[in-house]
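Right, one structure below, let's go through it.
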Protein chains: 2
Amino acid sequence: MASRSDTKTRILDAAEKLFAERGFSETSLRLITSKAEVNLASVNYHFGSKKELIRAVLARYLDVFMPAAAKEISRLHTAPNQASLDEIFSALVAPLLELNKLRAEGTTIFLQLLGRGYIESQGHLRWFITTHYGEPLAKFVKAVQASVPHIPSAEMFWRLHFTLGTVVFTMASADALTEIAAADFGEHNDIEAVIRKVIPYMAAGVAVPVINNEKGLL
Amino acid sequence: MASRSDTKTRILDAAEKLFAERGFSETSLRLITSKAEVNLASVNYHFGSKKELIRAVLARYLDVFMPAAAKEISRLHTAPNQASLDEIFSALVAPLLELNKLRAEGTTIFLQLLGRGYIESQGHLRWFITTHYGEPLAKFVKAVQASVPHIPSAEMFWRLHFTLGTVVFTMASADALTEIAAADFGEHNDIEAVIRKVIPYMAAGVAVPVINNEKGLL
DNA sequence: GTTTAATTTAAACGAGTGTTTTAAATCAAT
DNA sequence: ATTGATTTAAAACACTCGTTTAAATTAAAC
């Protein structure tokens, strides 16, 4: 059943790296298969199509991350007192860093894939994630809303997408940014340091009071 | 010299809409020229290549927006008292909305183009903008830093990129998000409403105090 | 009005894409 | 060892892409 060092895995490993770096549509199957040192046709044999390969790459991470994240959120709920926004966001850090044990650079790759997916696939990935992982997602949103009850849910919808944009864009260009930061400020950040920097930023933005500014200066 | 209703303009008008909607690499010259009702070869005749067409599309907006934004920032400097972060970000709103007078949906298109460009062109657009519009950009950064002097410049570097990510990702998917918001919450937001929502979010994140969390719980 | 230059047109080029096909090789089970 | 299903291999297919070419058309200049 299994062969060599598993062609399927070799394809997934090569594909996720290239997808994260250059995006999905900019990555050809020929480039993937040559990096993976497998035959071109094996992609269609094992996965059916490029689109299904993309889904498989994402699912391999989401299937690990989502349950772990849900477990962390649940743990917050059973805590004695109300969790702060910082605590809720920070609860996702451990599941994210766990991905580094799954594969080298796993955390970065996962976040970059997520960003690429959201941007490239015109809402298609958004549908895929919400339908396949709706439960842990809803749990997270609920925890956030309970933590800042003064924010209406419509406003929260927007702020959570702002937050998604912040993390996704940051991670998509994290490599370039850490390089610049090292050159300009002598800072040497790894992915965890960047995550720890972004959490207070997002928490402050999500929690900021809503001001009724409808009659503001035009 | 000029012909018909200006082929060059017809191409730019059709291209910017398609680029904003579907991204640069997902938009073929054949699609652009068919929407513009011009011949395929006229793109290469007038612009030389697709890459130069992309630059021309962006420059047509940047040449209007950047000077206007710089002027607004300068006006803040001469104000009697120190400008708040909200005021600094809000100073960009008027120049942004001015683009709607330039062309229909100009504001949305410009912001979406900016987002697409930053994401798709691996730092290439970042270089283009900083070298061609470095002066107004530096002026903006300076104003932000003066407004929140308690943030070290290294931290500010990261936060401004978080901010860029927030706005860029939000605008790249603004159409989809406004649709969802309308369906789920009955909210009908235009681009200005979204901009007014995102400003407090970003301002709060940029200004949040830095806590020395190096010995935080792992 | 003829000549000259600028522009538009239709067609083709060459390279790259995802996918399919056909045959050979590999493997597990009889 | 032979069978039968998997897996790999190489090639071709059908298509799209950006770009180029060369002729036809339009506009400008004299």
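Quick note on labels: first sequence line is chain A, next is B, and so on, each numbered from 1. Computation of the quantities below employed the complete heavy-atom set of this structure, encompassing side-chain atoms and omitting hydrogens, waters and symmetry-equivalent molecules. Model, not experiment: these values are computed from the prediction.
- Heavy-atom distances to DNA chain C give each of A:Gly48 and A:Ser28 a nearest nucleotide, and the one nearer the 5′ end belongs to A:Ser28.
- Between the CG atom of A:Asp6 and the C1' atom of D:dT6 there is a distance of 13 Å, rounded to whole Å.
- Between the CG atom of B:Leu31 and the C1' atom of D:dG18 there is a distance of 14 Å, given to the nearest Å.
- Across all strands shown, B:Thr27 has heavy atoms under 4.0 Å from sugar-phosphate atoms exclusively, and none from any base.
- The ring-ring contact (aromatic ring centres under 6.0 Å, His included) pairs that include a residue from residues 42-69 of chain B are B:Tyr61-B:Phe110, B:Phe65-B:Phe110, where partners are two or more places apart or lie in different chains.
- Here the P atom of nucleotide D:dG18 and the CG atom of B:Leu40 are 8 Å apart, to the nearest Å.
- Residue-environment remark: NZ (B:Lys35) stays at or below the threshold of 12 foreign heavy atoms within 6.0 Å.
- The interatomic distance linking A:Phe47 (CZ) with D:dT7 (P) rounds to 12 Å, in whole Å.
- In this structure, CG of B:Leu29 is placed 20 Å from P of C:dA12, rounded to the nearest angstrom.
- Rounded to whole angstrom, the span from the CD atom of B:Glu26 across to the C1' atom of C:dT17 amounts to 12 Å.
- Relative to the side chain of A:Ala41, the nucleotides D:dT21, D:dT19, D:dA9 differ in distance, and D:dA9 lies closest.
- The side chain of A:Asn39 lies closest to D:dA10 when the candidates are D:dA10, D:dT20, C:dT19.
- As a whole-Å value, the separation of B:Leu18 CG from D:dG18 P is 12 Å.
- Here C:dT20 is the nucleotide among D:dA10, C:dT20, D:dT19 with the atom lying nearest to any side-chain atom of A:Asn44.
- The pair A:Glu192-A:Arg196 meets the salt-bridge criterion, with a side-chain N (NZ, NE, NH1 or NH2) lying under 4.0 Å from an Asp/Glu carboxylate O.
- Taking the six-membered ring where tryptophan is involved, the planes of B:His132 and B:Trp127 are perpendicular, since the angle between them exceeds 60° and thus also 30°.
- For the residue pair A:Ser153 / A:Gln145, no side-chain donor-acceptor distance below 3.5 Å is found, with atom types taken as modelled.
- Across D:dT8, D:dT20, C:dT17, the shortest atom-to-atom separation from the side chain of A:Thr7 is found for D:dT8.
- One atom, CG of A:Leu53, and another, C1' of C:dT19, lie 14 Å apart when rounded to the nearest Å.
- Residue B:Arg30 places a side-chain atom within donor-acceptor reach of the base of D:dG18, judged by atom type and a 3.5 Å distance cut-off alone.
- Each of D:dA9, D:dT19, C:dG18 was ranked by its minimum atom distance to the side chain of A:Lys50; first place goes to C:dG18.
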